[in-house]
Amino acid sequence: MELFDVYSLFDVTPVSAKGCRITDDKGAVYLDLYGGHAVISIGHSHPVYVKAISEQLSRIGFYSNSVRNPMQEELARRIGALSGYEDYSLFLDNSGAESNENALKLASFHTGRDRVIAFRRSFHGRTSGAVAVTDNPRIQSPFNSCHKVTFCELGDAAGVEAELAAGGVAAIITEGIQGCGGINLPGDEFLRKLDELCRRYGAVLILDEVQSGYGRTGRFFAHQWAGIRPGIITMGKGIANGFPCGGILISPEFKAVKGMLGTTFGGNYLAMAAALAVLNVIEKENLVENARTVGEFLLKNIPASPLIKEVRGRGLMIGIDFNVPVAELRRNLLFGRHVFTGVAGQNMIRLLPPLCLSLAEAQEFIDAFKTLI
Ligand code: PLP
């Protein structure tokens with residue numbers, strides 16, 4: 001049997017990794033400014049993380065959500081305290097798309113409505129509901145068209161209000177910063193306007209923080225730069241540093257009903273050991289502050305060039321927007337200078353490194369980047 005061939009692959013085979021470095025099967029060492037797509041939050045194979053998962057596995061690896069798992073309660077307490085959402089509750093699942101799916105479902109249960117407003121250039125995942133609110137016709141199948149979704153332009157408050165006024169809107173869903181769509185910041189003022197509109201029209205504001213959350217932008221969640229408190233916040237990626245895990249934070253106005261949401265693997269022991277270890281390291285090593293400091297350094301020091309239209313982002317979520325396609329530059333960074341980077345569309349290099357990236361490693365990238373452009 002062969003693999004279903006849906007991924008474009010680079011011919012690199014990582015066999016080990018530590019911190020922000022990856023080693024391949026030929027012994028070459030790479031600087032990781034991609035983090036497996038914003039997943040590696042505390043760095044590869046952190047000793048605290050490795051120990052926590054190994055020890056947990058030797059005790060108990062899995063049971064089900066029909067029994068009490070105090071690690072879930074501890075995680076809820078710790079995320080609440082670190083993010084400032086102590087009064088919210090946590091539902092645990094397995095991925096970003098599943099978190100968005102649960103958020104959309106919950107908003108619909110709560111309001112009794114079925115329409116959703118999403119934004120142009122959004123990406124929310126690959127399950128049916130998550131794809132339906134993603135603005136990319138290439139990944140939408142006819143099956144997704146059963147959902148009632150209206151796409152508005154990011155920043156167009158009047159357009160959003162007109163849709164809300166038309167009625168039936170359960171939720172507005174937006175990323176804290178659009179990732180796959182090209183590091184587009186919604187703007188603090190616009191987020192505050194969405195928050196106000198949702199309250200006025202009785203809709204739920206869902207903040208997809210799957211990519212932009214968990215410290216990446218220099219605050220625990222990207223929307224916290226705008227000072228708002230959305231109805232539901234969705235998480236994934238960095239929450240367990242690569243162990244599959246997701247979750248949603250739910251405002252106190254939502255009432256839990258038995259059986260309303262559920263999952264087999266969500267909140268399992270290994271994921272909880274991984275997620276608690278991640279929080280321990282984030283706190284002990286001040287990684288949210290580090291993301292802010294090193295991100296500011298990168299934003300200031302990425303060199304200007306006639307080839308570059310704009311450098312934008314917050315913390316360690318940065319897009320370098322070129323006037324020209326970047327595929328060759330990205331290959332040269334990887335194979336010529338041994339630096340992993342991400343991409344958005346044809347023209348953007350996207351940086352999503354582990355939150356422990358040091359200033360020296362950031363400088364190393366800038367030096368490599370300068371020589372290539
Ligand atoms: N939401 C955002 C903003 C994402 O960037 C992604 C993945 O890239 C997802 C949701 C989907 O997450 P997952 O692939 O874990 O389902």
Side-chain angles (χ1 to χ4, degrees), residues 6-8 34-41 91-107 116-136 138-140 144 147 149 151 154 171-186 191 194 205-217 220-223 230 232-249 263-268 271 274-275 278 313-319 340-345 348 350-353 355:
V6 291
Y7 295 111
S8 307
Y34 179 52
H37 204 73
V39 167
I40 303 302
S41 45
F91 178 77
L92 288 157
D93 51 44
N94 306 283
S95 70
E98 197 185 345
S99 297
N100 286 328
E101 199 79 33
N102 282 317
L104 293 165
K105 242 189 297 184
L106 198 54
V116 175
I117 297 174
F119 291 98
R120 294 274 167 226
R121 298 178 299 282
S122 56
F123 182 84
H124 296 291
R126 302 282 189 150
T127 56
S128 177
V131 168
V133 292
T134 289
D135 180 31
N136 182 349
R138 281 193 308 120
I139 65 167
Q140 301 239 352
N144 306 120
H147 298 282
V149 180
F151 288 100
L154 208 58
I172 298 179
I173 183 165
T174 181
E175 291 155 80
I177 293 178
Q178 286 189 338
C180 302
I183 310 294
N184 304 306
L185 284 77
L191 282 183
L194 292 183
L205 181 58
I206 301 173
L207 249 297
D208 178 344
E209 294 277 6
V210 169
Q211 191 172 142
S212 57
Y214 245 73
R216 177 151 299 280
T217 67
F220 198 82
F221 293 118
H223 69 262
I232 305 176
I233 301 155
T234 68
M235 308 176 294
K237 295 202 188 285
I239 187 171
N241 205 50
F243 198 99
C245 184
I248 62 178
L249 299 190
T263 156
T264 298
F265 293 117
N268 71 76
V278 164
R314 244 172 190 167
L316 289 175
M317 184 167 183
I318 294 175
F340 270 102
T341 55
V343 72
M348 177 176 278
R350 194 157 38 132
L351 306 181
L352 301 162
L355 306 183

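Every number for a ligand or one of its atoms is a count from 1 in the order of the listing. This is a predicted model, so every value here is computed, not measured.
Between atom CG of residue Leu92 and atom CD of residue Glu98 there is a gap of 10.0 Å, rounded to the nearest 0.5 Å.
For the residue pair Thr263 / Asn94, a side-chain donor-acceptor distance below 3.5 Å is found, with atom types taken as modelled. There is no side-chain donor-acceptor pair under 3.5 Å between Arg120 and Gln178.
Residue contacts with ligand 1 for His124 involve N, CA, C or O but no side-chain atom from C-beta outward (heavy atoms, distance under 4.0 Å). In Arg126, neither the side chain nor the backbone holds a heavy atom less than 4.0 Å from any atom of ligand 1. When heavy-atom distances to ligand 1 are checked against a 4.0 Å cut-off, Lys237 comes that close only through its side chain, counted from C-beta outward. If you look at Asn100 next to ligand 1, the close heavy atoms, those under 4.0 Å, all belong to the side chain.
Judged purely by atom type and a 3.5 angstrom limit, Asn144 has no side-chain atom pairing as donor or acceptor with the backbone of Val131.
If you look at Tyr214 and Phe220, their ring centroids are closer than 6.0 Å.
Ranking the protein heavy atoms by distance from atom 5 (O) of ligand 1 puts Gln211 NE2, 2.8 Å first. If you check which protein heavy atom lies closest to atom 4 (C) of ligand 1, you get Phe123 CD2, 3.7 Å. In terms of protein heavy-atom proximity, atom 15 (O) of ligand 1 is closest to Gly96 N, 2.9 Å.
Those atoms of ligand 1 that come under 4.0 Å of a heavy atom in Ser95, given as number and element, are 15 (O), 16 (O). Contact atoms of ligand 1 toward Glu175: 3 (C) (distance under 4.0 Å to a heavy atom of the residue). Heavy-atom contacts of His37 reach the following atoms of ligand 1: 8 (O) (cutoff under 4.0 Å).
In terms of polar-atom proximity, defined here as any N/O pair under 3.5 Å, Ala97 does make such a contact with ligand 1. Considering backbone and side-chain N/O atoms, Glu98 never comes within less than 3.5 Å of an N/O atom of ligand 1. Checking only distances, Cys180 never comes within under 3.5 Å of ligand 1, N or O to N or O.
Of the options Thr174, Thr127, Ile177, Asp208, the smallest heavy-atom separation from atom 1 (N) of ligand 1 is shown by Asp208.
With Ser99 as reference, Asp93 is the one residue of Asp93, Asp208, Thr127 to meet the side-chain hydrogen bond (donor to acceptor under 3.5 Å, both in side chains) rule.
The environment of CZ in Phe265 is sparse: at most 12 heavy-atom neighbours from other residues, nucleotides or ligands sit within 6.0 Å.
Between Phe221 and His223, the ring-plane angle classifies as parallel under the 30° and 60° cut-offs.
Of all heavy-atom pairs spanning Thr174 and His124, the tightest one is C-CE1, 4.1 Å.
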